Protein chains: 2
Amino acid sequence: MIETTELLKEYQLKATPQRIKIVSMVDEHGHISIEDLYKEMLQEFPSVSLATIYKNINQMIESGLIQEVKIPKTKSVFELIKEPHLHMVCDKCGKIEDISVGTDKVIEEAQRLSGYKIKESFITLRGTCPDCA
Amino acid sequence: MIETTELLKEYQLKATPQRIKIVSMVDEHGHISIEDLYKEMLQEFPSVSLATIYKNINQMIESGLIQEVKIPKTKSVFELIKEPHLHMVCDKCGKIEDISVGTDKVIEEAQRLSGYKIKESFITLRGTCPDCA
DNA sequence: CTGACTGCAAACGTTTTGCACGGTA
DNA sequence: TACCGTGCAAAACGTTTGCAGTCAG
């Protein structure tokens, strides 16, 4: 709770109750869609507006606190920006997990083949999770 | 240059002039957005409708002829489905290139760490292309 | 010839905007 | 207190749908 408030301040965002709730929900869920954010938010703030959610999400993206994750064939979700990681998506239950895997070899190879100077990588893997297998 | 008419028939799609144009534009551009597709299409078919483009793109996706590529911070583009490959996006000029890089090591490692049975991978790398460097 | 495709217009869902009020620093 | 953020309503988008006329097979 105090942690979330600090986090918002670090990113120069006023710590309003709505923002605190948004950030802690993104943190707790790991990945969350606008729709789910709104639904869950309504329980605590029955008159919260979707406009407020969109405005805040966009501000948080601009400040570099969160980012949008675009996943093939599904709606976008948002996550806190942290260490680089990959996304694993379960094709049965739809759950999304982060994992850390070394990708240097692939990136070096891509750099060599393409001549690009690579700065960022976005990797999503789709398959079946252990629970659904 | 591909045999667009043949390709459409292979995927059980009637070869209308509009569809032929759509497929050849996707092929020529490699990656193209709905908006660009529509703009360029208007030159040859001044009364083409956006609805026609959407309907056809969706049908082509269902038939497995093309797929949507979602790229962070930009609008989606569409491409013909072919060999697995990665996408390189230039952060200066925005151009998108395909490259083939072995990703087995990363996928194996991800599989081992997560316990997922991985079926597909989507990789986008962002950096500066040789022309813009 | 017949079902599928096109273009138009309307409907829809999602995201953004403008404004008056209310709350944070 | 001075802003900035919120909620509401309306507007702006992007995409989908229904329908009547047209065309590919």
Side-chain angles (χ1 to χ4, degrees), chain A residues 1-2 4-26 32-63 65-78, chain B residues 3-25 32-63 65-78:
Chain A
M1 186 116 9
I2 190 91
T4 306
T5 304
E6 292 309 316
L7 192 57
L8 283 167
K9 285 183 185 157
E10 271 176 44
Y11 286 84
Q12 354 273 1
L13 296 166
K14 236 183 227 182
T16 66
Q18 293 87 338
R19 278 183 185 157
I20 292 168
K21 179 70 179 173
I22 290 173
V23 174
S24 47
M25 284 179 62
V26 173
I32 191 167
S33 66
I34 292 281
E35 192 187 338
D36 292 347
L37 200 43
Y38 180 54
K39 278 190 203 150
E40 200 169 325
M41 199 116 186
L42 279 174
Q43 331 237 355
E44 189 163 330
F45 303 89
S47 64
V48 72
S49 160
L50 256 177
T52 298
I53 309 232
Y54 277 108
K55 283 172 193 165
N56 281 322
I57 286 289
N58 287 335
Q59 284 172 145
M60 290 175 191
I61 289 173
E62 274 171 44
S63 327
L65 173 52
I66 67 175
Q67 67 189 347
E68 183 176 0
V69 181
K70 294 184 172 187
I71 293 176
K73 301 181 186 66
T74 57
K75 56 189 162 200
S76 290
V77 293
F78 299 85
Chain B
E3 259 319 320
T4 307
T5 303
E6 293 308 318
L7 192 56
L8 283 168
K9 286 182 185 158
E10 273 176 43
Y11 286 84
Q12 353 273 1
L13 296 167
K14 239 184 226 184
T16 67
Q18 292 87 338
R19 277 184 187 155
I20 291 168
K21 180 70 178 171
I22 290 174
V23 174
S24 46
M25 285 180 60
I32 191 168
S33 67
I34 292 280
E35 192 187 338
D36 291 348
L37 199 43
Y38 180 54
K39 278 190 203 148
E40 200 169 325
M41 200 118 185
L42 279 175
Q43 326 223 0
E44 189 164 331
F45 303 89
S47 65
V48 72
S49 160
L50 255 177
T52 298
I53 310 233
Y54 278 109
K55 282 172 193 167
N56 281 322
I57 287 288
N58 287 334
Q59 284 171 144
M60 290 175 192
I61 289 173
E62 273 172 44
S63 327
L65 173 50
I66 67 175
Q67 68 188 347
E68 183 176 0
V69 181
K70 293 184 172 188
I71 293 175
K73 301 182 187 62
T74 57
K75 57 190 160 198
S76 290
V77 293
F78 299 85

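Order of the sequence lines sets the chain letters (A, B, ...), proteins ahead of strands, with each chain counted from 1. Source: prediction; values computed, not measured.
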Can you tell me if B/R19 uses its side chain to pair, donor with acceptor, with the backbone of B/N56 under 3.5 Å?
-> no
Integer-rounded Å distance: D/dT17 C1' and B/I53 CD1 = 17 Å
Between CG of A/N56 and C1' of C/dT16 the distance, given in whole Å, is 14 Å
Please list, one pair per line, the donor and acceptor atoms closer than 3.5 Å that link side chains of residues 68-77 of chain A to other protein atoms, with sequence neighbours excluded.
| residue | atom | partner | partner atom | Å |
| --- | --- | --- | --- | --- |
| A/E68 | OE2 | A/S76 | OG | 2.6 |
| A/K70 | NZ | B/I71 | O | 3.3 |
| A/K70 | NZ | B/T74 | O | 2.4 |
| A/T74 | OG1 | A/I71 | O | 3.2 |
| A/K75 | NZ | A/E35 | OE1 | 2.6 |

When the distance from CG of A/D36 to C1' of C/dT14 is rounded to whole Å, what number comes out?
-> 15 Å
Atom CD1 of B/I57 to atom C1' of D/dG14: distance rounded to whole Å?
-> 14 Å
Taking only residues two or more places apart in sequence or in another chain, which ones pass side-chain hydrogen bond (donor to acceptor under 3.5 Å, both in side chains) with B/S33?
-> B/D36
Nucleotide D/dT6, atom P - distance to CD1 of A/I20 in whole Å | 10 Å
Could you state the atom-to-atom distance from CD1 of A/I34 to C1' of D/dC13 in whole Å?
-> 16 Å
Qualifying residues under side-chain hydrogen bond (donor to acceptor under 3.5 Å, both in side chains), relative to B/E40, sequence neighbours excluded | B/H29
What residues, two or more places apart in sequence or in another chain, satisfy side-chain contact (heavy atoms from CB on, under 4.5 Å) together with A/E62?
-> none
Listed by chain and number, what are the side-chain contact (heavy atoms from CB on, under 4.5 Å) partners of B/L42, not counting sequence neighbours?
-> B/Y38, B/V48
Of all residues at least two apart in sequence or in a different chain, which pass the side-chain contact (heavy atoms from CB on, under 4.5 Å) check with B/Q67?
-> B/E79, B/I81
So what does B/Q59 hit on the nucleic acid, given a heavy-atom distance under 4.0 Å: a base, only sugar-phosphate, or nothing?
-> sugar-phosphate
Nucleotide C/dT16, atom C1' - distance to CD1 of A/I61 in whole Å | 14 Å
Any donor and acceptor pair, going by atom type alone, linking the side chain of B/S49 with main-chain N or O of B/A51 inside 3.5 Å?
-> yes
Tell me, which of residues 39-51 of chain B have any heavy atom that sits under 4.0 Å from an atom in DNA chain D?
-> B/A51
With sequence neighbours excluded, tell me which residues meet side-chain hydrogen bond (donor to acceptor under 3.5 Å, both in side chains) with A/N58.
-> none
Gap between atoms CD1 and P, on A/I22 and D/dG5 respectively (whole Å) = 12 Å
Letter by letter from the 5' end, nucleotides 19-25 of chain D scores (B base, S sugar-phosphate only, - none; protein heavy atoms under 4.0 Å) -----BS
